[in-house]
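A quick write-up on the structure given underneath.
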Amino acid sequence: MPSPRLSLYSPSIPRERARHAPAVRGPTIMIRSRLSALLSEGLVAAQAAGAVGATPAVNFNLERRDDELAHYSSSEALRLARIVGAPPRRIAEAIVANLPAAPVVSRVETAGPGFINFWIDDAWVMGQLAEILEAGAAFGGSQEGAGSRVQVEYVSANPTGPLTAGAGRGGVIGDALARLLDACGYDVTREYYVNDAGHQVEILGLSVYHHYAATLGEAAPFPADGYRGDYVSDWAEQIARDDGARWLGHGVPSDARAFEARAVEIGLGEIRRDLDDLGIKFDVWFSEQAMRDRGAVDEVLQALDGQGFVAERDGAVWFIGGAGADDRENVLVRSRGDPTYFAVDIAYHRDKFETRGFERVIDVWGADHHGHVPRMHAAMEALDRSADAGRLEILVTQMVGIRTDGELGRQGKRSGKFVTLREVLDEVGPAATRYFFLSKAIDSQMEFDLDLAKREDPENPVYYIQMAHARCAGIQRTAATAGAAGGAATLTDDDVALARRLLAFPEVVADACENREPHRVTHYLLDLARVFHSYYNKHRVVTDDAARTARRLELIRAVQQVLANGLGLLGIRAPERM
RNA sequence: GCCCCCGUAGCUCAGUGGAUAGAGCGCCGGCCUCCGGAGCCGGGUGCGCGCGUUCGAAUCGCGCCGGGGGUACCA
């Protein structure tokens with residue numbers, strides 16, 4: 001089988017990009033937004049009546065509780081107390097007294113030191129189920145992004161060896177973020193920066209060549225700091241098998257650049273296979289070599305120099321990031337004349353903003369790159385102050401520890417030994433791999449429990465959630481013959497509570513997107529699955545009561561839709577049966 | 001030394017400055033002739049320490065202690 005050919009994107013060539021259909025047609029149902037608007041109206045009315053003193057416009061905070069105290073609660077009156085100079089309790093009461101009526105609210109009251117507590121109307125909640133089903137796969141999304149062009153760059157591991165488990169975490173997070181941004185109305189480009197040039201690639205080429213020559217019976221030196229993994233000789237054997245002796249030179253490849261490209265091609269092929277199996281796709285594979293060939297690095301060096309951010313010292317060219325802070329001074333061009341990773345990365349990011357005009361760029365980096373963050377921001381600021389007014393976001397994912405049989409192994413190339421993504425994937429499969437990476441906040445170091453992740457039973461949260469979805473589908477298969485029935489249906493609090501849980505989904509998605517925290521979706525889904533399983537165990541959906549059966553089937557369809565949408569955001573399959 | 005991340009239940013981790021801090025796993029006990037199976041219910045211990053800001057701190061600030069990472073003319 002031929003190795004997969006990758007076409008590396010060169011930005012000077014126009015490229016067709018898939019335009020995604022808008023995620024949602026109408027305004028998204030978001031309970032807290034409605035309540036916030038009501039409260040603002042109530043405050044204005046209270047002020048007009050002279051019950052509350054003047055304030056600037058207030059954006060009322062709403063907390064979703066869904067407990068004995070309230071469905072939603074606002075503590076804004078406590079904060080207003082200082083501005084208005086009145087007791088919070090009295091402010092809250094004045095606002096509530098002036099609140100306009102709304103079908104979404106069944107009850108409002110003040111409580112404690114000045115909380116305003118809301119209860120959502122049961123009939124209104126059940127009425128929203130039709131809206132969920134109407135929105136279908138788009139439910140939960142929004143138009144918040146308004147088509148703004150955002151690039152998410154992730155993984156971008158050097159093609160000099162297999163992906164580590166840690167790279168998998170970054171990949172899954174970047175992919176989920178891209179899905180979230182897409183759902184929230186952004187125009188998303190997913191990009192992998194291919195480090196196919198420079199010193200590390202040279203060393204890779206020589207490392208592979210050493211084995212390649214040996215396979216063909218000739219000796220070639222192994223480079224200092226060469227790559228020592230078993231894969232190096234595997235790649236060499238593959239090249240010898242496919243290409244024969246055409247690369248043989250005298251101790252070095254006959255064409256070093258082309259041989260390096262050959263090795264990179266194999267490395268990238270393996271990386272892409274891993275990512276494919278994890279369900280991670282990219283719109284753009286950006287070639288560093290192509291960018292260098294266009295002279296982008298020289299251009300950016302000139303631009304920096306022209307603005308006085310460059311100084312020569314000890315034969316090297318340095319970036320002087322203003323104010324003379326030490327951590328803002330780094331080498332751009334080595335004394336031997338070649339640019340550093342830093343210089344090339346500045347050129348790359350300039351390309352993102354200036355050449356390709358992304359309004360926002362999100363980089364997902366591994367923890368080992370975090371020292372690079374401040375100087376990257378400094379460089380962007382130097383090039384164009386407006387370019388870094390929050391337009392470049394760098395998310396740093398923390399380390400991954402792999403736990404097997406209770407034993408913990410840490411990742412790290414320095415240790416020489418690390419668990420590959422492929423090993424994790426083969427062990428637990430893509431669904432569990434994605435789930436566990438997406439169940440922790442990105443800045444928290446995590447331990448991946450392989451023993452739990454590979455279980456295919458409900459003790460494993462990912463199967464528990466998928467099972468909830470399959471169960472919804474199963475109920476509908478059972479009820480396939482049941483026709484629609486009108487008439488009043490008697491429902492329970494559990495029906496309404498489950499439905500209300502569904503209406504929280506758009507709020508969770510919006511928060512996850514805004515905060516770049518996909519794990520919020522993961523936790524929501526686990527909670528929803530638990531509520532659903534509990535409901536299922538307690539209540540029968542399909543019964544002789546035709547009216548109630550119809551209502552409950554609608555509820556179950558909506559549950560299934562939300563589970564499917566949530567799993568979709570995480571890139572995890574939502575099976576019809578298990 | 002300096003910089004970054006983290007410290008919450010036995011373990012793995014959630015927790016927009018708000019009311020009584022949660023889930024999963026593990027452990028113990030009970031239920032389940034049920035649309036879909038491996039499902040459900042119950043049981044308990046915790047915010048590393050101190051000071052500060054605030055009406056209110058797991059959350060914000062400072063200082064310690066502990067863990068991890070970074071600190072190259074590597075990437």
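All chains are named by letter (A, B, ...) in the order of the sequence lines, taking the proteins before the strands, and each is independently numbered beginning at 1. Values in this document were obtained by computation on a predicted structure and should not be read as measured data.
- B:C40 and B:G50 have their P atoms separated by 40 Å, with the value rounded to a whole Å.
- A straight line from CD1 of A:I394 to C1' of B:C4 spans 13 Å, rounded to a whole angstrom.
- The residue A:A367 sits close only to the backbone: its heavy atoms come under 4.0 Å of sugar-phosphate atoms, none of a base.
- Aromatic ring centroids of A:Y524 and A:F505 lie under 6.0 Å apart.
- For the pair A:L163 CG and B:A75 P, the interatomic distance rounds to 20 Å; values are reported in whole Å.
- A:R455 comes within 4.0 angstrom of sugar-phosphate atoms only, judged by non-hydrogen atoms across all strands, and of no base.
- The listed nucleotides are B:C73, B:C3, B:G24; the one nearest the side chain of A:H370 is B:C3.
- In this structure, A:E554 does not pair ionically with A:R552, as no charged nitrogen and carboxylate oxygen lie closer than 4.0 Å.
- In this structure, the CG atom of A:N330 is 12 Å from the P atom of B:C74, given to the nearest Å.
- Protein atom CD of A:E329 is 12 Å distant from nucleotide atom P of B:C73, rounded to whole Å.
- Ring planes of A:W365 and A:H349: perpendicular class, angle over 60° (limits at 30 and 60°).
- For A:R500 against A:I120, the heavy-atom pair with the smallest separation is CD-CB, 4.3 Å.
- For A:R336, no side-chain nitrogen or oxygen approaches OP1 or OP2 of B:C73 to under 4.0 Å.
- Taking the C1' atoms as reference points, B:G44 lies 11 Å from B:C27, given to the whole Å.
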Checklist entry - How does RNA chain B read in dot-bracket, base by base from 5' to 3', with Watson-Crick or G-U pairs under 3.5 Å and | used when the partner is on another strand? => result (((((((..((((....[...)))).(((((.......)))))....(((((..]....))))))))))))....
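- Salt bridge status for A:K352 with A:E191: absent, with no side-chain N to carboxylate O gap under 4.0 Å.
- Comparing the C1' positions of B:C60 and B:G17 gives a spacing of 8 Å, expressed to the nearest Å.
- A:N195 comes within 4.0 angstrom of sugar-phosphate atoms only, judged by non-hydrogen atoms across all strands, and of no base.
- Counting only N and O atoms by type, the side chains of A:Y231 and A:E270 include no donor and acceptor under 3.5 Å apart.
- Ring-centre distance between A:Y341 and A:H372: below the 6.0 Å cut-off.
- Across residues 527-537 of chain A, A:R530, A:H533, A:S534, A:Y536, A:N537 each have a non-hydrogen atom less than 4.0 Å from an atom of RNA chain B (numbered order).
- Annotation: of the two residues near RNA chain B, A:S335 and A:N460, the 5′-most nearest-nucleotide partner is A:N460.
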Could you write out each protein N or O paired with an N or O of nucleotides 59-61 of chain B at a distance under 3.5 Å?
none

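- Comparing B:U8 with B:A21, their C1' atoms are spaced 8 Å from each other, to the whole Å.
- Figure legend: cation-pi geometry between A:R375 and A:F319 absent, as NZ or CZ is not positioned both under 6.0 Å from the six-membered ring centre and within 45° of its axis.
- Separating the C1' atom of B:A9 from that of B:C5 is a span of 23 Å, rounded to the nearest Å.
- In this structure, A:R540 places its CZ atom 13 Å from C1' of B:C32, rounding to the nearest Å.
- Of the candidate nucleotides B:G68, B:A75, B:G24, B:A75 has the atom nearest to the side chain of A:R334.
- Proximity note for A:Y464 (side chain, C-beta onward) versus B:A75, B:G24, B:C40: the nearest is B:C40.
- For A:Y536, the side-chain contact (heavy atoms from CB on, under 4.5 Å) criterion is met by A:R471, A:I475, A:F532, not counting sequence neighbours.
- Residue contacts shown for A:G371 are limited to sugar-phosphate atoms, with no base heavy atom under 4.0 Å away.
- Other residues, nucleotides and ligands contribute only 12 or fewer heavy atoms inside 6.0 Å of the CD atom of A:E144.
- At a non-hydrogen distance threshold of 4.0 Å, A:M467, A:A470, A:R471 from residues 466-473 of chain A come into contact with RNA chain B.
- Between A:Y348 and A:Y193, the gap from one ring centroid to the other is short of 6.0 Å.
- Between A:D345 atom CG and B:C74 atom P there is a gap of 16 Å when expressed in whole angstrom units.
- Side-chain polar atoms of A:S75 and A:R79 form a donor-acceptor pair below 3.5 angstrom.
- Using a cut-off of 4.0 Å between Lys/Arg side-chain N and Asp/Glu carboxylate O, A:D495 and A:R551 are scored as not salt-bridged.
- Among B:A75, B:C73, B:C25, the nucleotide with an atom closest to any side-chain atom of A:H369 is B:A75.
- Between the OH atom of A:Y193 and the P atom of B:A75 there is a distance of 10 Å, rounded to whole Å.
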Checklist entry - With the sugar-phosphate defined as primed atoms, P, OP1 and OP2, and the base as all remaining atoms, what B/S/- string results for nucleotides 12-19 of chain B, 5' to 3', for protein heavy atoms under 4.0 Å? => result SSSSBSBB
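- Using atom P as the reference point in both B:C28 and B:U20, the two lie 34 Å apart (nearest Å).
- The listed nucleotides are B:C25, B:G70, B:G68; the one nearest the side chain of A:Q398 is B:G68.
- Taking the C1' atoms as reference points, B:G56 lies 27 Å from B:C13, given to the whole Å.
- With both ends at atom C1', the span from B:G26 to B:G43 equals 14 Å, rounded to whole Å.
- The distance from the CG atom of A:L502 to the CG atom of A:L563 is 8.0 Å, given to the nearest 0.5 Å.
- Crowding of A:R89 atom CZ: a count of heavy atoms from other residues, nucleotides or ligands under 6.0 Å exceeding 12.
- When rounded to the nearest whole Å, the span between CG of A:D494 and P of B:C41 equals 11 Å.
- Sparse packing is recorded around CZ of A:R257, with 12 or fewer heavy atoms of other residues, nucleotides or ligands lying under 6.0 Å away.
- Nearest to the side chain of A:E459, among B:C73, B:G26, B:A23, sits B:G26.
- For the pair A:R336 and A:D338, the salt-bridge criterion is met [side-chain N within less than 4.0 Å of a carboxylate O].
- Counting heavy-atom neighbours within 6.0 Å of A:D544 CG, excluding the residue itself, gives a total of 12 or less.
- Using a 4.0 Å cut-off between charged nitrogen and carboxylate oxygen, A:R520 and A:E517 count as a salt-bridge pair.
- Summary of the strand contacts: A:P461 and A:G315 both lie near RNA chain B, and taking for each the nucleotide with the nearest heavy atom, the more 5' one is attributed to A:P461.
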